[in-house]
Amino acid sequence: GKTFASLADAVNAGVVRGVGPFPDGVDAFGFFNDIKETEAQRYADVEITHGRVAMLAALGFLVGEYVEGSSFLFDAQVTGPAINHFQQVPPLFWGLIGAIIFVSESSRVQKAWQSPFDAAELFLMNPDHVPGDYGFDPLGLSAGKDDAWLADMKLKELNNGRLAMVSILAMVIQELRTGINILPADYAEFFGGTGALQTLEEKCAGAPDEAACAKAFEAAERAA
(Lines give C-alpha, C1' and ligand atoms only; values in the text may rest on other atoms or scores of the structure.)
Protein backbone atom coordinates (compact mmCIF):
# COMPACT_ATOMS: atom_id res chain seq x y z
CA GLY A 1 0.00 0.00 0.00
CA LYS A 2 2.98 2.34 0.06
CA THR A 3 3.78 4.93 -2.59
CA PHE A 4 7.31 6.06 -3.41
CA ALA A 5 8.07 9.55 -4.64
CA SER A 6 11.09 8.45 -6.68
CA LEU A 7 13.34 5.55 -7.57
CA ALA A 8 15.71 6.51 -4.76
CA ASP A 9 12.90 6.08 -2.23
CA ALA A 10 12.09 2.62 -3.62
CA VAL A 11 15.78 1.66 -3.45
CA ASN A 12 16.09 2.89 0.12
CA ALA A 13 13.02 0.84 1.04
CA GLY A 14 14.67 -2.27 -0.41
CA VAL A 15 12.00 -2.88 -3.05
CA VAL A 16 14.42 -2.49 -5.98
CA ARG A 17 18.21 -2.37 -6.25
CA GLY A 18 20.46 0.37 -7.52
CA VAL A 19 23.44 -0.13 -9.80
CA GLY A 20 27.01 1.08 -9.50
CA PRO A 21 28.16 3.79 -9.81
CA PHE A 22 24.59 4.96 -9.15
CA PRO A 23 23.56 3.45 -5.79
CA ASP A 24 20.13 5.10 -6.01
CA GLY A 25 19.56 3.82 -9.53
CA VAL A 26 18.89 5.66 -12.79
CA ASP A 27 15.38 6.68 -13.82
CA ALA A 28 15.80 9.10 -16.73
CA PHE A 29 12.16 8.81 -17.82
CA GLY A 30 10.57 9.06 -14.38
CA PHE A 31 8.91 5.64 -14.35
CA PHE A 32 9.28 5.49 -10.57
CA ASN A 33 7.84 8.92 -9.80
CA ASP A 34 4.95 8.48 -7.34
CA ILE A 35 4.95 4.74 -7.96
CA LYS A 36 2.97 2.23 -5.92
CA GLU A 37 4.92 -0.40 -4.02
CA THR A 38 3.10 -3.19 -5.87
CA GLU A 39 4.06 -1.73 -9.23
CA ALA A 40 7.68 -1.25 -8.13
CA GLN A 41 7.80 -4.92 -7.14
CA ARG A 42 6.43 -5.87 -10.56
CA TYR A 43 9.12 -3.80 -12.27
CA ALA A 44 11.78 -5.50 -10.14
CA ASP A 45 10.52 -8.97 -11.10
CA VAL A 46 10.24 -8.07 -14.78
CA GLU A 47 13.76 -6.63 -14.84
CA ILE A 48 15.24 -9.80 -13.34
CA THR A 49 13.31 -11.97 -15.80
CA HIS A 50 14.38 -9.97 -18.84
CA GLY A 51 17.96 -9.92 -17.58
CA ARG A 52 18.00 -13.71 -17.43
CA VAL A 53 16.59 -13.98 -20.95
CA ALA A 54 19.18 -11.46 -22.19
CA MET A 55 22.06 -13.41 -20.61
CA LEU A 56 20.91 -16.58 -22.37
CA ALA A 57 20.43 -14.66 -25.64
CA ALA A 58 23.89 -13.06 -25.55
CA LEU A 59 25.51 -16.42 -24.83
CA GLY A 60 23.38 -18.07 -27.51
CA PHE A 61 24.43 -15.51 -30.12
CA LEU A 62 28.13 -16.22 -29.63
CA VAL A 63 27.85 -19.99 -29.21
CA GLY A 64 25.42 -20.31 -32.11
CA GLU A 65 27.76 -18.47 -34.47
CA TYR A 66 30.75 -20.47 -33.24
CA VAL A 67 29.16 -23.87 -33.96
CA GLU A 68 27.22 -22.87 -37.08
CA GLY A 69 27.71 -25.12 -40.05
CA SER A 70 28.55 -28.08 -37.79
CA SER A 71 27.10 -31.40 -38.85
CA PHE A 72 25.45 -31.98 -35.47
CA LEU A 73 23.43 -28.77 -35.69
CA PHE A 74 20.41 -29.20 -37.98
CA ASP A 75 22.49 -31.04 -40.57
CA ALA A 76 24.86 -28.07 -40.95
CA GLN A 77 22.12 -26.00 -42.59
CA VAL A 78 22.09 -23.09 -40.11
CA THR A 79 24.66 -20.46 -41.09
CA GLY A 80 25.19 -16.71 -41.16
CA PRO A 81 24.55 -14.06 -38.49
CA ALA A 82 22.74 -15.21 -35.37
CA ILE A 83 19.79 -12.88 -36.07
CA ASN A 84 18.95 -15.18 -39.01
CA HIS A 85 19.49 -18.55 -37.31
CA PHE A 86 15.99 -19.07 -35.91
CA GLN A 87 14.41 -18.54 -39.34
CA GLN A 88 16.52 -21.42 -40.71
CA VAL A 89 15.57 -24.12 -38.20
CA PRO A 90 12.84 -26.70 -39.01
CA PRO A 91 9.22 -25.78 -38.15
CA LEU A 92 9.13 -28.59 -35.58
CA PHE A 93 11.83 -26.80 -33.59
CA TRP A 94 9.77 -23.61 -33.66
CA GLY A 95 6.84 -25.50 -32.17
CA LEU A 96 9.03 -27.08 -29.49
CA ILE A 97 10.45 -23.71 -28.44
CA GLY A 98 6.95 -22.22 -28.37
CA ALA A 99 5.72 -25.05 -26.13
CA ILE A 100 8.66 -24.59 -23.74
CA ILE A 101 8.01 -20.86 -23.52
CA PHE A 102 4.29 -21.43 -22.91
CA VAL A 103 4.91 -23.92 -20.09
CA SER A 104 7.60 -21.75 -18.49
CA GLU A 105 5.51 -18.57 -18.59
CA SER A 106 2.40 -20.36 -17.33
CA SER A 107 4.35 -21.71 -14.36
CA ARG A 108 5.89 -18.30 -13.68
CA VAL A 109 2.55 -16.51 -13.73
CA GLN A 110 0.87 -19.03 -11.46
CA LYS A 111 3.67 -18.82 -8.91
CA ALA A 112 4.22 -15.07 -8.85
CA TRP A 113 1.00 -13.34 -9.83
CA GLN A 114 -2.41 -13.03 -8.24
CA SER A 115 -5.37 -14.25 -10.24
CA PRO A 116 -6.99 -11.30 -12.07
CA PHE A 117 -10.39 -12.68 -11.04
CA ASP A 118 -9.58 -12.53 -7.32
CA ALA A 119 -7.18 -9.58 -7.03
CA ALA A 120 -8.24 -6.04 -6.21
CA GLU A 121 -6.64 -4.84 -9.45
CA LEU A 122 -4.74 -6.22 -12.42
CA PHE A 123 -1.04 -7.09 -12.46
CA LEU A 124 -0.66 -7.70 -8.74
CA MET A 125 2.00 -10.09 -7.51
CA ASN A 126 1.47 -12.56 -4.71
CA PRO A 127 2.34 -10.86 -1.42
CA ASP A 128 4.76 -13.64 -0.41
CA HIS A 129 6.62 -13.70 -3.74
CA VAL A 130 10.21 -12.47 -3.81
CA PRO A 131 10.98 -10.89 -7.21
CA GLY A 132 12.96 -13.31 -9.32
CA ASP A 133 12.55 -16.27 -6.93
CA TYR A 134 10.77 -19.11 -8.73
CA GLY A 135 12.29 -21.96 -6.79
CA PHE A 136 14.39 -23.10 -9.75
CA ASP A 137 17.78 -24.32 -8.51
CA PRO A 138 18.37 -27.77 -10.03
CA LEU A 139 22.04 -27.81 -8.97
CA GLY A 140 21.29 -26.74 -5.40
CA LEU A 141 23.74 -23.86 -5.54
CA SER A 142 21.84 -21.85 -2.93
CA ALA A 143 21.28 -24.74 -0.51
CA GLY A 144 22.56 -23.96 2.97
CA LYS A 145 23.76 -20.45 2.08
CA ASP A 146 23.18 -17.55 4.44
CA ASP A 147 21.26 -14.35 3.68
CA ALA A 148 24.42 -12.32 3.01
CA TRP A 149 25.57 -14.78 0.34
CA LEU A 150 22.14 -14.86 -1.29
CA ALA A 151 21.91 -11.06 -1.31
CA ASP A 152 25.34 -10.81 -2.95
CA MET A 153 24.47 -13.38 -5.62
CA LYS A 154 21.13 -11.67 -6.34
CA LEU A 155 22.87 -8.34 -6.90
CA LYS A 156 25.49 -9.92 -9.17
CA GLU A 157 22.78 -11.65 -11.20
CA LEU A 158 20.82 -8.42 -11.50
CA ASN A 159 23.82 -6.37 -12.64
CA ASN A 160 24.94 -9.04 -15.12
CA GLY A 161 21.39 -9.16 -16.45
CA ARG A 162 21.38 -5.40 -16.96
CA LEU A 163 24.70 -5.61 -18.82
CA ALA A 164 23.36 -8.48 -20.93
CA MET A 165 20.27 -6.49 -21.95
CA VAL A 166 22.48 -3.69 -23.26
CA SER A 167 24.87 -6.20 -24.87
CA ILE A 168 22.25 -8.19 -26.77
CA LEU A 169 20.75 -4.95 -28.06
CA ALA A 170 24.17 -3.90 -29.35
CA MET A 171 24.72 -7.32 -30.94
CA VAL A 172 21.42 -7.19 -32.80
CA ILE A 173 22.06 -3.63 -34.03
CA GLN A 174 25.58 -4.54 -35.18
CA GLU A 175 24.41 -7.57 -37.17
CA LEU A 176 21.54 -5.62 -38.72
CA ARG A 177 24.05 -2.93 -39.72
CA THR A 178 26.85 -5.17 -41.04
CA GLY A 179 25.01 -8.35 -42.08
CA ILE A 180 27.90 -10.52 -40.85
CA ASN A 181 28.78 -12.43 -37.70
CA ILE A 182 29.73 -10.50 -34.59
CA LEU A 183 33.31 -11.65 -34.00
CA PRO A 184 34.51 -11.44 -37.63
CA ALA A 185 33.16 -7.90 -37.85
CA ASP A 186 34.88 -6.93 -34.60
CA TYR A 187 38.19 -8.43 -35.71
CA ALA A 188 38.02 -6.73 -39.08
CA GLU A 189 37.38 -3.33 -37.52
CA PHE A 190 40.06 -3.85 -34.87
CA PHE A 191 42.82 -4.99 -37.21
CA GLY A 192 41.98 -3.13 -40.39
CA GLY A 193 39.62 -0.34 -39.42
CA THR A 194 36.31 0.50 -41.04
CA GLY A 195 37.84 0.07 -44.51
CA ALA A 196 38.53 -3.59 -43.76
CA LEU A 197 34.96 -4.08 -42.59
CA GLN A 198 33.64 -2.57 -45.82
CA THR A 199 35.92 -4.86 -47.82
CA LEU A 200 34.70 -7.82 -45.78
CA GLU A 201 31.09 -7.01 -46.62
CA GLU A 202 31.86 -6.55 -50.31
CA LYS A 203 33.89 -9.76 -50.63
CA CYS A 204 31.41 -11.96 -48.77
CA ALA A 205 28.14 -10.55 -50.13
CA GLY A 206 26.34 -13.26 -52.06
CA ALA A 207 28.91 -15.95 -51.23
CA PRO A 208 27.47 -19.50 -50.84
CA ASP A 209 28.48 -19.37 -47.18
CA GLU A 210 28.90 -15.79 -46.04
CA ALA A 211 29.82 -16.89 -42.53
CA ALA A 212 32.72 -19.04 -43.76
CA CYS A 213 33.86 -16.20 -45.98
CA ALA A 214 33.77 -13.79 -43.07
CA LYS A 215 35.78 -16.14 -40.88
CA ALA A 216 38.41 -16.58 -43.58
CA PHE A 217 38.67 -12.82 -44.01
CA GLU A 218 38.97 -12.37 -40.27
CA ALA A 219 41.80 -14.92 -40.11
CA ALA A 220 43.60 -13.10 -42.93
CA GLU A 221 43.23 -9.79 -41.12
CA ARG A 222 44.73 -11.25 -37.94
CA ALA A 223 47.63 -12.76 -39.88
CA ALA A 224 48.33 -9.41 -41.51
Side-chain angles (χ1 to χ4, degrees), residues 19 43-109 111-112 131-142 153-190 197 200-201 204-205 207-219 221-222:
V19 57
Y43 283 171
D45 188 81
V46 168
E47 180 183 35
I48 294 171
T49 302
H50 282 83
R52 290 168 175 169
V53 172
M55 285 189 282
L56 290 173
L59 179 63
F61 254 55
L62 298 177
V63 172
E65 291 186 353
Y66 183 78
V67 301
E68 67 176 15
S70 301
S71 58
F72 71 90
L73 185 64
F74 302 110
D75 197 25
Q77 297 301 309
V78 178
T79 60
I83 54 173
N84 297 326
H85 283 188
F86 194 67
Q87 297 90 310
Q88 300 176 53
V89 300
L92 179 62
F93 186 79
W94 286 32
L96 179 61
I97 291 295
I100 292 174
I101 293 174
F102 176 80
V103 172
S104 300
E105 285 297 288
S106 296
S107 175
R108 187 174 76 89
V109 168
K111 184 175 181 63
D133 184 5
Y134 292 97
F136 182 77
D137 187 15
L139 300 180
L141 299 178
S142 62
M153 289 298 105
K154 288 178 181 179
L155 183 59
K156 288 179 178 178
E157 180 191 34
L158 180 60
N159 285 332
N160 279 286
R162 289 164 170 167
L163 175 61
M165 286 188 279
V166 176
S167 299
I168 191 62
L169 175 63
M171 290 180 185
V172 170
I173 292 174
Q174 175 172 314
E175 291 201 347
L176 289 174
R177 180 177 67 88
T178 64
I180 56 178
N181 296 18
I182 292 172
L183 294 182
D186 287 345
Y187 275 120
E189 283 197 286
F190 179 78
L197 180 57
L200 169 61
E201 294 183 78
C204 294
D209 189 341
E210 293 188 13
C213 174
K215 289 177 181 178
F217 189 90
E218 168 245 307
E221 284 295 318
R222 279 188 290 174

Task: Heavy-atom donor-acceptor pair, Ser107 side chain to Val103 backbone, under 3.5 Å - done: no
- [ ] Check Ala54 against Gly161 and note the closest heavy-atom contact, atom names and distance.
- [x] CB-O, 4.4 Å
TODO: Would you please say whether a donor-acceptor pair under 3.5 Å links the side chains of Asp45 and Tyr134?
DONE: yes
Task: Side chains of Glu47 and Met165 in contact at under 4.5 Å (non-hydrogen atoms) - done: yes
TODO: Flag the pair Lys154 / Leu158 as yes when at least one side-chain heavy-atom distance between them is below 4.5 Å, and no otherwise.
DONE: no
TODO: For the pair Glu105 and Arg108, find out whether any cationic side-chain nitrogen is under 4.0 Å from an anionic carboxylate oxygen.
DONE: yes
Open item on the list: For the NE2 atom of His50 and the CD1 atom of Ile168, what is their distance to the nearest 0.5 Å?
Closed with: 13.5 Å
Task: Minimal non-hydrogen separation, Ile83 against Leu176, with atom names - done: CD1-CD2, 3.7 Å
TODO: Output the distance between atom CD1 (Ile101) and atom OG (Ser106), rounded to the nearest 0.5 Å.
DONE: 11.5 Å
Open item on the list: Could you report the tightest heavy-atom contact between Phe86 and Val89, atom names first, then the distance?
Closed with: O-CG2, 3.0 Å
- [ ] Decide yes or no for Ile100 and Ser104: does some side-chain heavy atom of the first lie under 4.5 Å from some side-chain heavy atom of the second?
- [x] yes
Task: Note, Ile97 side chain near Trp94 side chain (heavy atom, < 4.5 Å) - done: no
Task: Test item: Glu65 side-chain N/O and Ala82 main-chain N/O as donor-acceptor pair under 3.5 Å - done: yes
TODO: Please tell me if the side chains of Leu56 and Phe61 come closer than 4.5 Å, counting only heavy atoms from C-beta onward.
DONE: no
Open item on the list: Give me the atom names and distance for the closest heavy-atom approach of Gln174 to Ile182.
Closed with: NE2-O, 3.3 Å
TODO: Might you point out which heavy atoms bring Gln88 and Val78 nearest each other, and give the distance in Å?
DONE: OE1-CA, 3.4 Å
Task: Main-chain N/O of Gly135 paired with Asp133 side-chain donor or acceptor, under 3.5 Å - done: yes
Open item on the list: Nearest 0.5 Å, please: how far is CD in Glu157 from CE in Met55?
Closed with: 5.0 Å
